[in-house]
There are 2 protein chains.
Amino acid sequence: MFRGGWGQHSWWQGKFRGCGYRITLGREAILDVLSKSDKHLSAEDIYTKVHSKYPNVGLTTVYRTLDVLVNLGLVFKSDFGDKRARYELAEGPKGAHHHHHLICTNCNRVIDYTDFIDEEIELLNRTEKGLSKKYNFKITNHLIQFYGLCSNCVGK
Amino acid sequence: MFRGGWGQHSWWQGKFRGCGYRITLGREAILDVLSKSDKHLSAEDIYTKVHSKYPNVGLTTVYRTLDVLVNLGLVFKSDFGDKRARYELAEGPKGAHHHHHLICTNCNRVIDYTDFIDEEIELLNRTEKGLSKKYNFKITNHLIQFYGLCSNCVGK
DNA sequence: GATACTATTGATAATCATTTTCATTAATAC
DNA sequence: GTATTAATGAAAATGATTATCAATAGTATC
């Protein structure tokens with residue numbers, strides 16, 4: 001079978017195979033779209049991009065693959081207040097670049113910020129440790145979002 | 001018109017009237033349910049409780065009222081990963097008691113915690129200030145959630 | 001209290017992202 | 001190559017939330 005231009009051993013394939021998942025054309029295409037975008041894509045966004053190049057990859061497969069990717073921890077799924085879920089790569093070939101979100105409640109614009117992250121992460125780690133112990137919770141992830149009005153909407 | 005047992009001038013009515021909203025039986029009943037629960041109720045939960053006492057209050061009204069309450073800032077709307085939105089009073093007669101959430105990704109159990117809150121809030125305030133300036137954003141709200149496995153699910 | 005004005009309401013239908021179903025196809029181990 | 005079984009697409013189903021619209025009920029004014 002023809003393999004696009006991704007090379008036989010992309011960074012994610014190890015983790016993928018290790019968990020018993022098969023490598024398929026559709027999955028490669030979906031991961032390719034995700035890794036080439038720095039936006040927060042909806043399932044439909046991804047479907048449109050993938051489908052234009054590989055018309056035999058359906059929307060269902062996009063949803064299913066995203067689900068697998070989220071479970072593997074390769075992709076983050078977020079909710080920004082419009083109805084659709086948004087997906088973004090958790091870690092790329094270059095490793096994770098962690099960020100948090102700033103969301104406009106009027107126009108739904110989303111800004112990624114990495115400022116202040118270090119301080120935040122440090123506090124989060126401490127908090128996580130405390131919460132884990134007190135509530136006997138195994139914490140695997142966190143979410144921090146700020147809501148408000150962006151520069152375009154604040155004057156309205 | 002008969003007014004349940006709520007008294008003519010509940011704590012929220014001022015804010016409500018001030019914004020030009022009318023006081024209706026349905027709205028009183030919905031606010032009563034919210035203020036008597038410390039859980040994270042779905043629209044359907046609230047509908048069930050209200051409807052059992054006032055059968056002529058419909059689900060549509062519950063959604064509409066919750067929408068108003070969220071816009072007024074009287075109620076917080078959150079998403080814990082199951083499909084339905086959850087609602088909880090932002091401030092009660094006794095004033096706000098701010099908390100954050102700890103969510104089990106397996107069984108969707110939600111724990112409110114208030115520990116560590118002070119430290120978190122302080123950092124958040126600093127971060128908010130910095131972000132506001134840098135991105136010219138008027139921040140009105142924030143969300144912090146930790147995800148993981150609760151004590152029941154961690155062994156599974 | 002009666003009247004006029006308009007917000008609010010309930011029942012129903014519509015919306016729309018996401019899931020299920022199920023027969024077919026294709027990746028992998030041998 | 002063959003067998004095994006995961007993965008797939010098309011279409012239908014799901015289910016929370018919204019829109020529609022005629023009927024009802026708060027509120028201000030007299």
Side-chain angles (χ1 to χ4, degrees), chain A residues 1-4 6 8-10 13-14 16-31 40-48 50-51 54-72 75 77-87 108, chain B residues 1-4 6 8-10 13-14 16-31 40-48 50-72 75 77-87 108:
Chain A
M1 172 195 162
F2 173 72
R3 291 253 179 258
W6 299 305
Q8 291 295 64
H9 299 294
S10 299
Q13 299 201 354
F16 221 75
R17 275 224 167 76
C19 293
Y21 292 107
R22 293 178 179 174
I23 312 290
T24 67
L25 183 65
R27 286 171 175 180
E28 286 186 300
I30 290 166
L31 265 152
H40 310 95
L41 301 171
S42 68
E44 189 103 29
D45 291 338
I46 295 168
Y47 167 72
T48 305
V50 169
H51 192 76
Y54 300 93
N56 50 342
V57 172
L59 182 57
T60 312
T61 295
V62 172
Y63 275 108
R64 274 188 291 227
T65 300
L66 287 171
D67 208 48
V68 170
L69 293 173
V70 169
N71 283 334
L72 286 180
V75 163
K77 178 178 182 179
S78 356
D79 163 39
F80 295 144
D82 54 354
K83 303 289 168 181
R84 51 195 66 211
R86 304 278 167 173
Y87 302 85
N108 277 318
Chain B
M1 173 194 161
F2 174 71
R3 294 252 178 260
W6 298 304
Q8 290 294 64
H9 300 294
S10 299
Q13 298 200 356
F16 222 74
R17 275 223 168 77
C19 293
Y21 291 106
R22 293 180 178 172
I23 312 289
T24 67
L25 183 65
R27 286 172 174 176
E28 287 186 298
I30 290 166
L31 265 152
H40 310 94
L41 301 171
S42 68
E44 188 103 29
D45 291 339
I46 295 168
Y47 168 71
T48 305
V50 170
H51 191 78
S52 71
K53 208 166 183 177
Y54 301 93
N56 48 342
V57 173
L59 181 56
T60 313
T61 294
V62 172
Y63 274 108
R64 274 188 291 227
T65 300
L66 288 171
D67 209 46
V68 169
L69 294 173
V70 168
N71 283 334
L72 286 181
V75 162
K77 178 178 182 179
S78 359
D79 164 38
F80 295 144
D82 53 354
K83 303 291 168 181
R84 50 196 65 208
R86 302 280 169 173
Y87 302 85
N108 279 317

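So you know, we letter chains A, B, ... as the sequences are listed, proteins then strands, and number each from 1.
- When distances run from any side-chain atom of B:Arg17 to the nucleotides D:dT8, C:dT9, D:dT27, the shortest one goes to D:dT27.
- In this structure the side chain of A:Tyr87 never reaches within 4.5 angstrom of the side chain of A:Leu69, judged on heavy atoms.
- Put simply, CD1 on B:Ile23 is 16 Å from P on C:dA7, counting in whole angstrom units.
- Shown here for A:Arg84 and A:Glu44, the closest heavy-atom pair between the two residues is NH1-CB, 4.0 Å.
- When every heavy atom of A:Val57 is checked against every heavy atom of A:Gly26, the shortest pair comes out as CG2-CA, 3.9 Å.
- Between A:Asn108 and A:Gly81, the shortest heavy-atom distance links the atoms OD1-C, 4.3 Å.
- Going from atom CZ of B:Phe16 over to atom C1' of C:dT8 covers 11 Å, rounded to whole Å.
- A side-chain donor from one of B:Asp45 and B:Ser42 sits under 3.5 Å from a side-chain acceptor of the other.
- Distance, B:Leu31 CG to C:dT8 C1': 15 Å, rounded to whole Å.
- Across all non-hydrogen atoms, the minimal contact from A:Ala43 to A:Val62 is O-CG1, 3.6 Å.
- Residues B:His51 and B:Arg27 both approach DNA chain C. Their nearest nucleotides, taken by heavy-atom distance, put B:Arg27 toward the 5′ side.
- Rounded to whole angstrom, the span from the CG atom of A:Asp82 across to the P atom of D:dT18 amounts to 12 Å.
- Out of D:dA6, D:dT27, D:dT8, the shortest distance to the side chain of B:Arg22 is found at D:dT27.
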Considering only nitrogen or oxygen atoms on both sides, find all protein atoms under 3.5 Å from nucleotides 17-21 of chain C and state each distance.
unit_1	atom_1	unit_2	atom_2	d
C:dA17	OP1	A:Arg84	NH2	2.4
C:dT18	OP1	A:Ala85	N	2.8
C:dT18	OP2	A:Tyr63	OH	2.5
C:dT18	O5'	A:Tyr63	OH	3.4
C:dT18	O3'	B:Lys83	NZ	3.2
C:dT19	OP1	B:Lys83	NZ	3.3

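- Protein atom CD1 of B:Ile46 is 14 Å distant from nucleotide atom C1' of D:dT17, rounded to whole Å.
- With contacts defined as side-chain heavy-atom distances shorter than 4.5 Å, the pair A:Leu59/A:Tyr63 qualifies.
- If you measure from atom OH of A:Tyr47 to atom C1' of C:dC16, you get 16 Å, rounded to the nearest angstrom.
- Counting to the nearest Å, the P atom of D:dG26 and the CG atom of B:Asn56 are 11 Å from each other.
- A straight line from CD of B:Gln13 to C1' of D:dT27 spans 14 Å, rounded to a whole angstrom.
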